[in-house]
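Inspection log for the structure reproduced underneath, given as structure tokens.
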Amino acid sequence: MKLKSSYYLHQDVIFLAKDLLGKVLYTKIDDDITAGIIVETEAYFGVQDKASHAYGGRRTSRTEILYNEGGASYVYLCYGIHHLFNIVTSVEDDPNAVLIRAIEPIIGKEIMEMRRNMPASKPAISSGPGSAAKALGINASFNKKDLTGEEIWIEDHAIRYTPDEIAEVPRVGVEYAREHALLPWRFFIKSNPYVSKPNKI
DNA sequence: TTCTCGATGCGCT
DNA sequence: GCGCATCGAGAAT
């Protein structure tokens, strides 16, 4: 059920970003367990990806975790407000990551409602990377966690999607690299209500 | 040490 | 659809 550390060592971050759709992300905080189905992801191609914090091999105290081998979490604060949760993948010194952009709440909905101060019936409760992280109680303290540990982990609930249920969206605003502009880097479950707004079709 | 701005969300219009 | 909140990492000085 729980994904093993070897799962995260896959070197094709595109494959993992797609394969993670349908997996279930869990957090446990003071015995409060919340979980949701991953319905939207985004792949970050390490040194090749200008949008990646590790672009060009940049290596700082913040990005150091990205150079670890797969299976760790990378959480950082965006716009001074939102915590974004990433899964570090691939082998050591290959700083790939998958951003979790949206989840569908399935366990601990009441807890998520308190954290988000809105009913779980509202897709906005976990739609978008900042919202999904907050619903799961993910904050800066979740940075550099082992994803096979007891605080945060991912399970395979045998939820499978056919290729036509998965949308692969080319990245927008990537005029900087023509060969990357056509690269589909965003993946989501078509018509799932929890998918963040810019990606709905 | 200082300045800039971002892998965004939300409330108001 | 638009604008703002809010702060730390990274780069410039």
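Below, chains carry the letters A, B, ... as their sequence lines are ordered, and counting in each starts from 1.
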Q. Should A/Leu21 and A/Ile106 be regarded as members of a common hydrophobic cluster, given that ILVMFWY residues are connected when their side-chain heavy atoms come within less than 4.5 Å of each other, either directly or indirectly?
A. yes
Separation of B/dT8 atom P from A/Arg186 atom CZ, nearest Å, is 7 Å
Looking at C/dA9, I'd like to know if its phosphate oxygens (OP1 or OP2) sit under 4.0 Å from a side-chain N or O belonging to A/Thr60. no
- Show the numbers, then the answer: is there a side-chain hydrogen bond (donor to acceptor under 3.5 Å, both in side chains) between A/Tyr7 and A/Asp156? CA-CA 11 Å; A/Tyr7 174 84; A/Asp156 186 349; over 6 Å; no
Checklist line | Short side-chain N/O contact from A/His53 to OP1 or OP2 of C/dA9, under 4.0 Å | finding: no
Would you say A/Arg62 places a side-chain N or O within less than 4.0 Å of OP1 or OP2 belonging to C/dG10? yes
- prompt: Under 6.0 Å between the ring centres of A/His83 and A/Phe142?
  reply: no
Does one side chain, of A/Glu165 or A/Thr162, offer a donor that lies under 3.5 Å from an acceptor on the other?
yes
Could you tell me how far C/dG3 sits from B/dC5 if I compare only their C1' atoms? Round to whole Å.
16 Å
| message | Under 4.0 Å from OP1 or OP2 of C/dA11: is there any side-chain N or O of A/Arg58 that close? | response | yes
Here the distance between atom P of B/dA7 and atom NZ of A/Lys134, to the nearest Å, is 21 Å
Does the ring of A/Tyr79 meet both stacking tests against the six-membered base ring of B/dG9: centre distance under 5.5 Å and plane angle under 30°? no
Picking from B/dC10, C/dG10, B/dA7, the nucleotide nearest the side-chain atoms of A/Leu99 would be B/dA7
